[in-house]
Chemist: 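Here you go, one structure.
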Amino acid sequence: MAEPKPKAVKKAAPRKSVNAANLAHLGPEALAALLIEVADGHASIKRRLKLALLGEVGAADLAAEIDKRIDAIAGSGARINWRKFKDFVRDLDAHRAAAGGKLGELDPNIAVPVLVRLVRVSEDLEGRIKDPKGELQAVFDQAVADVARLSPKALTLDSRYLADALLAFVESASTKLSVDLLRAAAPALADDAVAVLRGKVRERLAAQRRPDPRLRAAAQVLADLEGDVEGFAGLFTASQQVLPPIGAQIARRYLAVGQVAQALAALDRSAPGPSLAEQADVGAVAWSEARIAALEAAGETLEAQAMRWASFKATLSVEALRAFLKGLPDFEDVEAEEQALVYAQTYPDPYKALAFLTAWPSAIEASRLVMERGPALHGDRPEVLEPAARLLEHRYPLAATVLLRAMVDDVVRFGRADRYADANRWLLEAESLVPGLPDDAAIDDHAVWARRVAGYRRL
């Protein structure tokens, strides 16, 4: 009997890859020396290292370092061209992360004002930098989120100083970022600071012939802080209070303080029009949701159910239908679901109907819709057609093929270069479904269709 061959000993992988585990083997002294060498001549890297070190020293030192960088950016006035854009955004975000992270852990009372100052830098950068992809905006949005997270923990900061800084930003900024920041920082403001700030905002609004929309939005935030529903509603004109989304906002606030009758009255004044388009509008959906909440609060459950069904019929909302079915007695929900799926087949917008049937999901009804209304489903809506094709491909390959071909045809006919890779994938997927197609399928043979597609010479 032959002796078994000894098992090969697996060699350890060489430590060549630059990753945290391999670098750790270098040891702290070697890493420190390497960092000093890498940082030499790179101001942004030096700043990152200094932030890390000061985070170990204390909150005051770290805050001073971040403030120093904020001052430098605000006081520069120089334009930032595209070559420096990435480095600038990365550096700013590092200071934002230090303020929202380590500084927030050490002392949220110091971190919140520092983050507010950082967000206010956005007005100093106005006209100095182009942000086509919103990368810089994302840094400021995250800073606002940091403020919202830390504000409830910042209970001993100087509320008056913070309130003045927030008001100055509202008055000078050109975007809604200032109101978002006020809303995020609100939990850190003491009651007396809110009252003083609200008084200042009222004075400024009263002095304006045409109220600044940001000041009015700030006044609404402050009215909410003081639980003043009448004051919130009074910031809208009579012609604005009849708009469904505004009526919904006012009604929600009345409901929050238990004033159901006032909520219903606000909704009655702002009811949307009777047409399907008006009922399906985003503002009308918000109105319907507020109306349902008000009816439930008033004990009008049957009327609330009727509103849910009407809302579903207007919007084909999965959430609205689920809420409606949940409110039905046992066994009645099955019949109502069948009725809803049948109704979806007749909905004027076939894309919305297909999206609903895909999300529900009901493959059989989605297949029926595609086969009956296929010509109305053009391939320029892949966000609707592709998920539907995924739902249908196993049990209803013909309907899935119709959708895949529609998307490919749209790409090649109109030369949509950004979808060429997708079109190639859809073409291969359509080919994979050929064996499952019925012999009497009322569509062109795959080879014939593929040759026609290739004739466009775009893929």
Side-chain angles (χ1 to χ4, degrees), residues 42-48 50-51 54 60-104 110-151 154 157-158 160-186 188-189 197 200-201 204 212-215 217-218 221:
H42 293 81
S44 61
I45 297 178
K46 282 187 176 179
R47 285 194 291 268
R48 292 284 296 274
K50 194 166 185 180
L51 288 173
L54 290 173
D61 294 276
L62 179 56
E65 182 64 21
I66 299 171
D67 277 338
K68 186 169 74 173
R69 182 59 182 150
I70 293 172
D71 288 339
I73 294 172
S76 170
R79 291 184 63 84
I80 301 164
N81 63 35
W82 62 272
R83 291 184 182 85
K84 297 180 179 179
F85 178 83
K86 291 285 186 184
D87 287 339
F88 177 82
V89 172
R90 194 179 297 115
D91 178 66
L92 184 66
D93 194 45
H95 286 77
R96 189 278 313 162
K102 187 64 176 180
L103 185 58
I110 297 177
V112 167
V114 169
L115 284 163
V116 167
R117 289 197 68 219
L118 188 144
V119 175
R120 291 188 62 188
V121 163
S122 62
E123 61 185 293
D124 297 300
L125 291 172
E126 197 75 27
R128 291 169 50 193
I129 189 170
K130 293 182 178 179
D131 186 28
K133 296 181 181 178
E135 296 166 89
L136 182 62
Q137 181 63 42
V139 175
F140 293 126
D141 289 340
Q142 185 55 55
V144 171
D146 291 335
V147 171
R149 175 173 50 83
L150 294 172
S151 287
L157 53 68
D158 186 341
R160 294 291 182 92
Y161 173 81
L162 179 61
D164 288 342
L166 293 168
L167 177 57
F169 189 38
V170 168
E171 291 186 296
S172 61
S174 58
T175 68
K176 74 178 188 69
L177 188 65
S178 59
V179 179
D180 292 341
L181 182 61
L182 172 61
R183 186 177 291 108
L189 297 174
L197 180 56
K200 290 179 179 179
V201 171
R204 285 159 174 75
D212 184 313
R214 284 179 301 278
L215 268 178
V221 171

Chemist: Measuring from Ile129:CD1 to Glu135:CD, what's the distance to the nearest 0.5 Å?
Modeler: 9.5 Å
Chemist: If you define the side chain from C-beta out and look only at heavy atoms, does anything of Leu115 sit under 4.5 Å from Leu103?
Modeler: no
Chemist: Determine, stepwise, if the pair Arg204 / Asp212 fulfils side-chain contact (heavy atoms from CB on, under 4.5 Å).
Modeler: CA-CA 9 Å; Arg204 285 159 174 75; Asp212 184 313; over 6 Å; no
Chemist: Which heavy atom of Leu150 sits nearest a heavy atom of Ala99, and at what distance?
Modeler: CD1-O, 4.4 Å
Chemist: Nearest 0.5 Å please: distance from the CG atom of Leu197 over to the CG atom of Leu162.
Modeler: 9.0 Å
Chemist: Testing the basics here: between Arg128 and Ala78, what is the closest heavy-atom pair and its distance to 0.1 Å?
Modeler: NE-O, 2.9 Å
Chemist: Answer yes or no: is there a donor N or O on one side and an acceptor on the other, between the side chain of Ser76 and the main chain of Ala72, under 3.5 Å?
Modeler: no
Chemist: Can Val170 and Val201 be said to form a side-chain contact (heavy atoms from CB on, under 4.5 Å), step by step?
Modeler: CA-CA 10 Å; Val170 168; Val201 171; over 6 Å; no
Chemist: Evaluate Asp93 against Arg96 for salt bridge (charged side-chain N to carboxylate O under 4.0 Å, His left out), listing each step before the verdict.
Modeler: CA-CA 5 Å; Asp93 194 45; Arg96 189 278 313 162; 3.0 Å; yes
Chemist: Going by the rule side chain to side chain contact (heavy atoms under 4.5 Å, CB included), which residues pair with Glu123 if we only count those two or more places apart in sequence or in a different chain?
Modeler: Arg120, Phe169, Ser172
Chemist: Assess whether a salt bridge exists between Asp87 and Lys84, defined as any Lys/Arg side-chain N lying under 4.0 Å from an Asp/Glu carboxylate O.
Modeler: no
Chemist: Taking the side chain as every heavy atom from C-beta outward, state whether Phe140 and Asp131 have any pair of such atoms under 4.5 Å apart.
Modeler: no
Chemist: Got a salt bridge between Arg69 and Asp91, using NZ or NE/NH1/NH2 to carboxylate O under 4.0 Å?
Modeler: yes
Chemist: One pair to check against side-chain contact (heavy atoms from CB on, under 4.5 Å): Leu215 and Leu167. What are the steps and the verdict?
Modeler: CA-CA 9 Å; Leu215 268 178; Leu167 177 57; 4.2 Å; yes
Chemist: Report the distance from atom CZ of Phe85 to atom NZ of Lys133, rounding to the nearest 0.5 Å.
Modeler: 9.0 Å
Chemist: Rounded at 0.5 Å granularity, tell me how far CG in Asp61 sits from CD1 in Ile66.
Modeler: 11.0 Å
Chemist: Just how far is it from atom CG of Asp158 to atom CG of Leu189, taken to the nearest 0.5 Å?
Modeler: 10.5 Å
Chemist: Between Ser122 and Val119 (side chain of the first, backbone of the second, donor and acceptor by atom type, cut-off under 3.5 Å), is there such a pair?
Modeler: yes
Chemist: Salt-bridged, Arg149 to Asp146, with N to O below 4.0 Å?
Modeler: yes
Chemist: Tabulate below the donor-acceptor pairs under 3.5 Å that side-chain atoms of residues 177-186 make, not counting sequence neighbours, or state none.
Modeler:
from   : atom 1 : to     : atom 2 : distance (Å)
Ser178 : OG     : Thr175 : O      : 3.4
Asp180 : OD2    : Lys176 : NZ     : 2.9

Chemist: If you measure from CG on Leu125 to CD1 on Ile73, what distance do you get to the nearest 0.5 Å?
Modeler: 6.5 Å
Chemist: Could you check whether any side-chain heavy atom of His95 comes within less than 4.5 Å of a side-chain heavy atom of Ile70, counting everything from C-beta outward?
Modeler: no
